[in-house]
Each structure stands twice: as C-alpha cells, then as structure tokens.
Amino acid sequence: MSISVLAWVFGGFETFKYVLIIFGFFISILIKEVNAKNEYLFYYNNGISKMHLFVYGFLMNFVFSMVLILVINVVLKLV
C-alpha cells in the first residue's frame, strides 16, 4: 500500500489505480515470500496449493481495488 501511496503523490490518481491493482499485490507477495516463506501450512493441510492461494488473492485484490476506485471516482465527482 505504501508504494501505491507514493504513486498517488508523484503520479496522481490515474497512476495510483494501476500501481494498487498490479504492483501492490505482487510486492506484498514478494515480501511474504522473503520474510515468512514456510507459513502456508494451514493452506497446505486444507488442500489449497500456493498457486491457488495467489490466484484467489489476486482476484480478490482486483475486485476490492476496482470497488475502491469506483467509490473514490464517485466521491471526487461529487466534490
């Protein structure tokens, strides 16, 4: 999220949207992989692979980001 905020400060809202949706998720996955690589036991025990977890996480991030962007656009148009 901090990288997305930097994009907002230096590039405006248009840049923020794309950075939040794409790079924000992948950077958080990278940090998770570097700092806590073996903390997926709960998902492995329930039959969920790491790839399924990443894909589902990306899809949920995409949906949440799109809703957030729509809400911000509506608020900005009302102001």
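Numbers for residues simply follow the sequence, beginning at 1. Remember, it's a predicted structure, so these values are computed and weren't measured experimentally.
- The hydrophobic cluster analysis finds V63 isolated: no Ile, Leu, Val, Met, Phe, Trp or Tyr side chain comes under 4.5 Å of it, directly or through other members.
- A single hydrophobic cluster is seen to contain both L59 and M51, as judged by linkage of ILVMFWY side chains at heavy-atom distances under 4.5 Å, directly or through other members.
- Remark: F64 pairs with no residue by the ring-ring contact (aromatic ring centres under 6.0 Å, His included) rule, at least two apart or across chains.
- Residues F58 and M66 fall within the same hydrophobic cluster, defined by Ile, Leu, Val, Met, Phe, Trp and Tyr side chains chained together at heavy-atom separations under 4.5 Å.
- L70 and F62 sit in two unconnected hydrophobic clusters of ILVMFWY residues. Membership requires side-chain heavy atoms under 4.5 Å apart, directly or through other members.
- Put simply, CG on N61 and CG on L68 are 10.0 Å apart, with the number rounded to the nearest 0.5 Å.
- Counting heavy atoms of neighbouring residues, nucleotides and ligands inside a 6.0 Å radius, atom CZ of F26 exceeds 12 of them.
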